[in-house]
Amino acid sequence: MKIRPYTFRWFIFWLIISSSIITLLISGTIIFLLRQSTFAAENMERARQESKILVRRTEGLLAGIEESIGILTQASLRMDTEDFADLLQAVLPQHESIRVIYFLDRNGQTYAVHAKDHRNPLHEDFIGIDFSYSSLYSALQNSNQSVWSDKFISVLSGDTSVGVGIRLENHTAIAEISLEALLSTVEIAAESSVRLWVVDKRGELIVDTDNEFSTGITNVLGNRAIQRVLDSQQLPVTVTVNGKNYYPAADISEKLGWIFMNLIPAGLDNRYIRNTLIDIIFLSISYLVLALLLSPLWSYRLNTQVMHLMQQSQKIAEGHHYTPQKDWMIREFHELSESQKIMADKIFDREKSLIRLNQKLEDRVQERTRALENSNRELQETLENMNRMQEMLIQTEKQAALGRLVAGVAHELNTPIGNAIMSISSLKAETRELGREVSSGLRRFTLERFLRHCDEGLDIAERNVSRAAELINSFKHVANDQTSSVRRKFFLDTMIHDVLLTMNPMIRHSRHRMETDLEQKIEMDSYPGSLGQIITNLITNALAHAWDDDDRGSIWIKAGRISEAPGEGIPMVQISVQDNGKGIPAEIRKKIFDPFFTTRLGRGGTGLGLNIAYNSTRNILGGTLNCESTEGEGTVFKLKIPVVAPLLQG
């Protein structure tokens with residue numbers, strides 16, 4: 001699409017505007033980022049200080065409840081039950097925070113209860129309730145001071161509450177505080193109107209000053225900031241809650257056992273940052289308005305000079321000679337005018353020479369074009385033939401590998417299936433023998449022996465049939481993946497175990513040992529067929545080349561996550577196949593991934609195994625395959641691939 005050019009006046013106009021906008025964007029962004037970092041540091045420090053103050057003030061406000069409970073508990077030890085009940089009815093209505101309070105004897109059973117339903121503390125529905133099973137009562141048995149509980153559902157009121165208990169001598173008092181009352185207490189203790197969280201030891205959110213409906217039903221143990229507080233780690237700079245960013249700070253109350261977290265709005269949710277951004281935008285708009293007013297004047301002055309240069313250029317194009325004017329406002333324009341005159345003189349001199357040279361070049365280009373077309377045609381045909389031959393050899397190698405896999409699995413299945421058949425035959429003979437015993441008089445000893453043999457035989461048959469089913473299932477997975485090359489999700493350790501299970505006959509019949517170290521439950525979204533074939537080729541290559549015929553060695557397969565690719569943020573895994581064989585000489589190591597390169601030419605080697613593995617790693621899995629080897633110390637192949645494979649083109 002052809003772009004419509006601007007006039008010089010409009011070009012100067014847009015140049016001034018665009019440069020102004022870019023300058024404002026860069027300077028405004030730098031100012032905003034610098035101010036934002038300063039705000040972030042100040043708000044984080046403010047949040048830390050307010051968290052500590054909030055803990056101390058909340059503990060002080062709740063200490064009044066503890067003191068009241070302690071006084072009532074001492075009174076219960078010195079008063080008879082009737083007088084104590086009258087005291088509860090007179091005193092506790094003044095404590096709006098206490099929803100229910102109950103007093104327990106040495107066995108953990110209630111002997112007095114005061115609730116908001118105004119029933120007598122000695123009402124028969126209240127007396128004798130067993131609270132010895134509660135975690136708060138158990139904690140009080142091992143403590144000589146007040147204990148605060150996590151969130152729980154009250155068995156007396158049916159509401160979500162927190163509890164505080166005090167034990168004096170053999171009597172215990174437990175008060176239930178509603179989450180609404182706890183919210184009011186925390187709001188009174190807070191110095192500012194920022195968002196506040198109070199979280200108990202189990203991660204239950206018991207106070208949220210911005211969303212009281214989430215308290216008592218939300219567990220935030222999985223929240224990154226809460227987890228770091230519990231692990232005594234540094235909090236992140238910002239956290240996201242319900243789609244909003246906050247500067248977090250937290251402190252743990254040793255007395256209450258709760259986490260107190262301050263959440264100060266971050267980013268554009270913070271009014272200081274938002275006001276700074278508004279100021280920058282206002283200044284930028286003012287600057288742009290001034291540039292819009294001044295740009296037409298400058299563009300007109302420059303446009304006059306440029307128009308004169310254009311007229312001179314037109315004269316040159318028409319073949320006329322001219323004398324440059326001398327009243328230029330800009331020195332560079334004057335120099336350009338002089339250069340135009342010199343250029344016009346030289347153009348006439350070179351024009352004739354160029355016409356002659358151009359004719360010679362056209363003849364030479366046509367001749368060489370014909371020669372190149374012939375050469376390209378021959379090279380294209382040769383390349384197509386080589387590609388077809390290589391594809392046929394690769395497919396043959398894949399089918400041969402699958403054939404070896406089928407033969408090995410079939411041989412492996414003989415043992416469990418034969419054992420199962422033998423066990424079933426033995427049970428059949430036992431059954432016929434039992435039939436003869438029944439006709440002649442069945443004895444208890446004979447029946448018990450028959451049942452014992454049946455149990456042993458069926459157990460042997462079940463184990464062997466299960467082993468055969470496991471082999472068949474692994475073979476089906478590996479064979480289906482290697483023949484279809486379908487992309488799917490799978491666990492890396494399970495896929496490698498399936499591949500090793502199908503290769504077990506080949507490994508067991510060699511003189512070498514296989515060991516694995518696989519990280520569990522790495523979920524991949526890739527091509528298990530191609531990955532399985534790569535691992536198979538690497539193990540087969542080690543068995544064929546790493547040792548001499550009489551040696552015994554070991555192969556280690558390790559798999560696990562590695563750090564993300566630099567600058568890309570892509571999760572990666574590394575699979576290594578290592579042996580303790582004789583290693584690969586340096587001059588051979590440079591060629592091992594080349595197609596058709598093999599050190600066993602004429603002895604079963606095709607030179608395609610490592611080439612297929614290398615190409616599949618790069619072109620299908622989107623990873624890398626490297627080889628490290630030292631002569632006499634072994635070889636290790638390192639396969640690095642992304643957890644999510646790239647999409648194949650076509």
Side-chain angles (χ1 to χ4, degrees), residues 39-69 95-98 145-151 160-164 175-216 218-221 223-242 244-266 269-272:
F39 286 148
E42 293 175 353
N43 285 323
M44 290 175 65
E45 180 61 27
R46 170 190 163 198
R48 282 193 290 268
Q49 296 299 328
E50 290 184 357
S51 295
K52 298 181 181 297
I53 295 173
L54 176 63
V55 170
R56 292 197 298 270
R57 289 187 173 182
T58 304
E59 289 177 349
L61 292 174
L62 294 179
I65 298 176
E66 297 175 2
E67 183 178 358
S68 298
I69 298 172
H95 289 272
E96 295 294 334
S97 300
I98 299 177
Q145 59 184 358
S146 60
V147 176
W148 286 83
S149 74
D150 296 333
K151 182 213 75 175
T160 305
S161 310
V162 294
V164 56
E176 296 180 0
I177 314 300
S178 66
L179 297 187
E180 293 81 1
L182 184 60
L183 172 62
S184 300
T185 302
V186 172
E187 289 177 339
I188 293 172
E191 285 188 331
S192 62
S193 59
V194 299
R195 188 171 188 174
L196 301 173
W197 274 7
V198 180
V199 182
D200 65 18
K201 294 184 287 296
R202 296 177 304 176
E204 299 291 341
L205 186 63
I206 57 178
V207 170
D208 184 352
T209 57
D210 274 18
N211 186 8
E212 61 179 302
F213 299 106
S214 65
T215 56
T218 303
N219 189 292
V220 295
L221 192 60
N223 183 279
R224 183 175 58 158
I226 296 297
Q227 194 61 51
R228 290 200 172 192
V229 173
L230 294 175
D231 295 338
S232 300
Q233 296 180 357
Q234 185 176 359
L235 289 174
V237 177
T238 61
V239 296
T240 301
V241 179
N242 298 330
K244 293 184 178 180
N245 294 324
Y246 295 92
Y247 298 113
D251 199 4
I252 299 178
S253 171
E254 297 294 337
K255 180 179 181 181
L256 304 175
W258 300 336
I259 300 172
F260 288 76
M261 177 168 287
N262 263 18
L263 298 170
I264 297 179
D269 295 326
N270 190 293
R271 63 185 180 88
Y272 298 106

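In what follows, every heavy atom counts, from backbone to side chain, and hydrogens, waters and symmetry copies are set aside.
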Visitor: Under 3.5 Å, which donor-acceptor pairs do the side chains of residues 223-237 form with other protein atoms, sequence neighbours left out?
Guide:
{"residue": "Asn223", "atom": "OD1", "partner": "Ala225", "partner atom": "N", "Å": "2.9"}
{"residue": "Asn223", "atom": "OD1", "partner": "Ile226", "partner atom": "N", "Å": "3.4"}
{"residue": "Arg224", "atom": "NH2", "partner": "Thr238", "partner atom": "O", "Å": "3.2"}
{"residue": "Arg228", "atom": "NH1", "partner": "Gln234", "partner atom": "O", "Å": "3.0"}

Visitor: Going by the rule salt bridge (charged side-chain N to carboxylate O under 4.0 Å, His left out), which residues pair with Glu204 if we only count those two or more places apart in sequence or in a different chain?
Guide: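 With neighbours one apart ignored, the set is Lys151.
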Visitor: Compare every heavy atom of Lys255 with every heavy atom of Glu59, then report the nearest pair and how far apart it is.
Guide: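 What the structure gives for the nearest pair is OE2-CB, 3.8 Å.
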Visitor: Who pairs with Thr58 by side-chain hydrogen bond (donor to acceptor under 3.5 Å, both in side chains), at least two apart in sequence or on another chain?
Guide: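 Once residues adjacent in sequence are excluded, Thr58 has no partner under the side-chain hydrogen bond (donor to acceptor under 3.5 Å, both in side chains) criterion.
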Visitor: Can you sort out the partners of Lys201 under side-chain hydrogen bond (donor to acceptor under 3.5 Å, both in side chains), two or more places apart, ordered by chain and number?
Guide: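 Here the qualifying residues are Asp150.
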Visitor: For Ile98 and Ile65: C-alpha separation, side-chain torsions, deciding distance, then whether side chain to side chain contact (heavy atoms under 4.5 Å, CB included) applies.
Guide: CA-CA 8 Å; Ile98 299 177; Ile65 298 176; 4.1 Å; yes
Visitor: Please report the closest heavy-atom contact between Val55 and Ser253, naming both atoms and the distance.
Guide: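 Closest approach of Val55 to Ser253, heavy atoms only: CG1-CB, 3.8 Å.
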Visitor: What distance separates Ser178 OG from Ile206 CD1, expressed to the nearest 0.5 Å?
Guide: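 Rounded to the nearest 0.5 Å, the OG-CD1 separation comes to 11.5 Å.
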Visitor: How long is the span from the CE atom in Met261 to the CG atom in Leu54, to the nearest 0.5 Å?
Guide: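 Nearest 0.5 Å value for the CE-CG distance: 12.0 Å.
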Visitor: Which atom pair, heavy atoms only, marks the closest approach of Val239 to Pro248?
Guide: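 That would be CG1-CG, 3.9 Å.
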Visitor: Can you measure from CG (Asp210) to OH (Tyr246) and round to the nearest 0.5 angstrom?
Guide: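 Here the rounded value is 5.5 Å.
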Visitor: If we only count heavy atoms from C-beta on, is the Ile177 to Trp148 side-chain gap below 4.5 Å?
Guide: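 Heavy-atom side-chain distance check passes, below 4.5 Å.
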Visitor: If we only count heavy atoms from C-beta on, is the Asn219 to Leu205 side-chain gap below 4.5 Å?
Guide: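 Sidechains of Leu205 and Asn219: no contact.
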Visitor: If the condition is side-chain hydrogen bond (donor to acceptor under 3.5 Å, both in side chains), which residues does Glu67 pass it with, not counting sequence neighbours?
Guide: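 Applying side-chain hydrogen bond (donor to acceptor under 3.5 Å, both in side chains) to Glu67 gives none.
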Visitor: Between Ser51 (side chain only) and Ala249 (backbone N and O only), is there a donor and an acceptor less than 3.5 Å apart?
Guide: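 Checking the backbone N and O of Ala249 against the side chain of Ser51, a donor-acceptor pair under 3.5 Å is found.
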Visitor: Could you tell me whether the side chains of Trp197 and Asp208 share a donor-acceptor contact shorter than 3.5 Å?
Guide: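 Looking only at side-chain atoms, Asp208 and Trp197 do form a donor-acceptor pair, the distance falling under 3.5 Å.
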Visitor: Could you tell me if the side chain of Glu66 sits less than 4.5 Å from the side chain of Ile69, heavy atoms only?
Guide: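 The answer is no, as the side chains (C-beta and beyond) never meet within the 4.5 Å cut-off.
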Visitor: Could you tell me if the side chain of Val186 sits less than 4.5 Å from the side chain of Val198, heavy atoms only?
Guide: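 Yes. Closest side-chain heavy atoms under 4.5 Å.
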Visitor: Answer yes or no: is there a side-chain heavy-atom contact under 4.5 Å between Leu263 and Lys244?
Guide: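 No. Closest side-chain heavy atoms not under 4.5 Å.
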Visitor: How far does OG of Ser97 sit from CD of Glu180, to the nearest 0.5 angstrom?
Guide: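 Between atom OG of Ser97 and atom CD of Glu180 there are 11.0 Å.
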Visitor: Does any part of the side chain of Asp200, heavy atoms only, come nearer than 4.5 Å to the side chain of Val162, both counted from C-beta?
Guide: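 No, every pair of side-chain atoms sits at 4.5 Å or beyond.
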Visitor: What are the two closest heavy atoms between Leu196 and Ala190, and how far apart are they?
Guide: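 Heavy atoms only, the tightest pair is CD1-CB, 3.4 Å.
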Visitor: Just to verify, what does Thr240 make a side-chain contact (heavy atoms from CB on, under 4.5 Å) with, not counting sequence neighbours?
Guide: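 Once residues adjacent in sequence are excluded, the partners of Thr240 under the side-chain contact (heavy atoms from CB on, under 4.5 Å) criterion are Asn245.
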Visitor: Is the closest side-chain heavy-atom distance between Leu62 and Thr185 below 4.5 Å?
Guide: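 Yes - at least one pair of side-chain heavy atoms lies under 4.5 Å apart.
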